[in-house]
Amino acid sequence: MRLSECLNHASISTLQAIAQNLQLSCTMYSKLDLVQSILESLRNPLSLAEQLDQWHEEWGVSLRRIALHRRNVFAKEEIEHLLASAGHDTVNGLQKALAQGWLFLQNDSSRRRYYIVPKDIQMALRDDFQRRWRAQVRVRTDDPLVQVDEGMAALHDLHTLLQYVQQREVRLTASGAMYKRHVQQLMELFEVEESIELPQWRFGYGRRTYDYPDRLALLYDFAYDEGIVIERQDERLTVDPARLSDFLTLGRKTQLRRLLQFYVRTYRRPIPRLYDIMETIRLLADAWTSNTSLYAICAPQIQAFYYDQPTDVWDQRVVKMLVHLGVARIGYDDDSGERWFQITKLGQELLTQDEADLPDELTYQQAALVVQPNFEIVVMVPDARMEAQIAEFAELKSSGALRVYRILDRTVERGLSLGRDFEAWRALLATRGMAPIPVNVDRMLAEWVGRGGVQAAGLGS
């Protein structure tokens, strides 16, 4: 709905509050006069610019998120969540936003309440943010001396991975990962090679990020999520011919778009504002843009993720992965330490497709733990109630910077003997985890529970 429609549906009391806030001289008991006066004021470029300045000052990051959001209709809980980040309490915040004329209360046929930001107001907000940001970023008109543009390489290497598994006997470790020799052979075949030496702590960025380098982990996790690769019970990796055939019948850009969508779904757990970051990049980086100045614009949307500082999240999890996906290119000169960033033509096409049906961050439950193949549970988001439930079938191993629990046969036996609900416990690990429970852990849990005489549905399957 546009502003005119929202005003026509608004109550007389709402229109009066908006008119008073705008300091309009009109008949306060004539709905027609109120609507016309408010429309005239908010459609006047000078008057609207004054209001935008006021809204920016009062709502800050809340207004930014609303401007960048794909929807303009919100449930009551969603809009309260958005407004809370500006420091307003629920009741006063809603009343103030409604009185300013950029938010409206609506009822559907079932009398359910929801809130709407008029589409033309939302676009004015987005345009205003873009104008402000463009004044802050540094751009260049010439090309950097060295450019890195991977284009469709991620898709080519995904096909190479699938062919490799299809044509070879790929054995898996007890934790369900490929042996290092297979990973090394893949790196030799790939267009983009990665180091296979991994740091000790790796979690949060996908199901197999603990086992593989970032780019390979994304390609592998995508193929697994699509059901193309199958980790068999006999510790072999195979390909589902039907799923592979269906995937290969898709156009190349459609395949890459699905990989991009998977990246956003996977990485937005540790980076909750990832969609907003990508939308900001899309609006600003059509020319060669200073990476440092672009990061400064996106920094309010980026938080540290344990051992990843905000700059690490930006460089390694956003910029590097967008380059891998062909969405962006980076460049630099020999005589300068500055890096330059630009959205590719392919990236603009992928990011503006209506088919990119991504989950909303407001309804996306934050993951709180990681179950690792070594039977340790790393708690990401402190939660006393959740940890009490974890402790029913595990023991606390470390309470330092990271709270780590360990699953043992005796801790499982202890929980069963006390009558604890094992299925509820396992469901907690599955729903609050960054990734599915590792295959070897799931399999061993089934064995331990079986010894206790309890049937555990879904385990070891």
Side-chain angles (χ1 to χ4, degrees), residues 77-78 80-81 84 174-176 200-211 221 225 231 265-272 303-308 359-461:
E77 296 75 17
E78 291 179 313
E80 288 176 351
H81 177 81
S175 65
Q200 179 181 2
W201 291 101
R202 285 177 61 82
F203 47 76
Y205 298 98
R207 181 172 175 270
R208 286 295 175 190
T209 190
Y210 185 85
D211 302 297
D221 287 347
D225 187 72
E231 297 170 357
R265 289 199 307 270
T266 302
Y267 275 56
R268 77 184 313 165
R269 282 183 177 266
I271 315 173
Q303 298 176 341
F305 184 72
Y306 282 84
Y307 294 105
D308 281 354
D360 290 318
E361 72 274 9
L362 296 178
T363 58
Y364 204 71
Q365 184 181 32
Q366 184 180 16
L369 57 87
V370 174
V371 182
Q372 302 199 80
N374 62 358
F375 292 82
E376 291 181 353
I377 303 172
V378 182
V379 175
M380 316 296 296
V381 179
D383 183 330
R385 182 177 299 180
M386 181 189 71
E387 290 192 46
Q389 191 172 353
I390 290 174
E392 291 179 354
F393 291 92
E395 66 178 18
L396 183 64
K397 176 186 176 183
S398 172
S399 58
L402 291 173
R403 291 181 65 82
V404 180
Y405 289 80
R406 179 168 48 193
I407 311 170
L408 301 167
D409 55 352
R410 58 179 173 80
T411 61
V412 173
E413 183 180 355
R414 179 199 66 204
L416 294 174
S417 66
L418 294 174
R420 306 304 185 198
D421 188 340
F422 180 83
E423 284 305 313
W425 180 80
R426 181 182 179 278
L428 173 75
L429 302 188
T431 58
R432 300 299 302 276
M434 284 285 182
I437 300 172
V439 174
N440 65 308
V441 175
D442 221 12
R443 190 178 302 156
M444 189 57 68
L445 285 173
E447 181 177 333
W448 290 341
V449 171
R451 293 176 190 170
V454 177
Q455 181 64 35
L459 285 177
S461 58

Evaluation steps, side chain to side chain contact (heavy atoms under 4.5 Å, CB included), between L445 and V441 = CA-CA 6 Å; L445 285 173; V441 175; 3.9 Å; yes
Can you list the steps and then say if F422 with L416 is a side chain to side chain contact (heavy atoms under 4.5 Å, CB included)?
-> CA-CA 7 Å; F422 180 83; L416 294 174; 4.1 Å; yes
Audit row: V371, E376, side chain to side chain contact (heavy atoms under 4.5 Å, CB included) steps and yes/no | CA-CA 6 Å; V371 182; E376 291 181 353; over 6 Å; no
Between V370 and Y210, is a side chain to side chain contact (heavy atoms under 4.5 Å, CB included) present by the stated rule, with each step listed?
-> CA-CA 10 Å; V370 174; Y210 185 85; over 6 Å; no
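Scored by the side chain to side chain donor-acceptor pair (under 3.5 Å) test, R406 finds E395 as partners (sequence neighbours excluded). Contacts of D221 classified as salt bridge (Lys or Arg N to Asp or Glu O under 4.0 Å), with partners at least two apart in sequence or in another chain: none. Checked against side chain to side chain donor-acceptor pair (under 3.5 Å), T411 has no partners two or more places apart in sequence or in another chain. For E77, the salt bridge (Lys or Arg N to Asp or Glu O under 4.0 Å) test picks out no residue, with sequence neighbours left out. Residues satisfying the side chain to side chain donor-acceptor pair (under 3.5 Å) criterion with D308, sequence neighbours excluded, are Y205, R317. Applying the ring pair (Phe, Tyr, Trp, His ring centres under 6.0 Å) test to Y405 and every residue at least two apart in sequence or in another chain returns nothing.
From D442, atom CG reaches atom CD of E447 across 12.5 Å, with rounding to the nearest 0.5 Å. Note that the CD1 atom of I437 and the CZ atom of R443 stand 13.5 Å from one another [nearest 0.5 Å].
Enclosure of atom CD in E413 is not indicated, since only 12 or fewer non-hydrogen atoms of other residues, nucleotides or ligands lie within 6.0 angstrom.
D409 contributes no side-chain N or O that, together with a main-chain N or O of W448, makes up a donor-acceptor pair within less than 3.5 Å. Side chain of R414 to backbone of A394: a donor-acceptor contact under 3.5 angstrom is found. Looking only at distances, no side-chain donor or acceptor of T209 sits under 3.5 Å from a matching main-chain atom of G206.
Residue W425 comes nearest to I390 through the heavy atom pair NE1-O, 3.1 Å, listed as atom of the first residue, atom of the second, then distance. Across all their heavy atoms, P438 and Q372 have their closest contact at CG-C, 3.8 Å.
Two residues are said to be in side-chain contact when any heavy atoms from C-beta on lie closer than 4.5 Å; V379 and M386 meet this criterion. Between I407 and I377 the shortest side-chain heavy-atom distance falls below 4.5 Å. Put simply, the side chain of Q389 reaches to within 4.5 Å of the side chain of E392, judged on heavy atoms.
We find that D225 and R265 are joined by a salt bridge, their nearest charged nitrogen and carboxylate oxygen being less than 4.0 Å apart.
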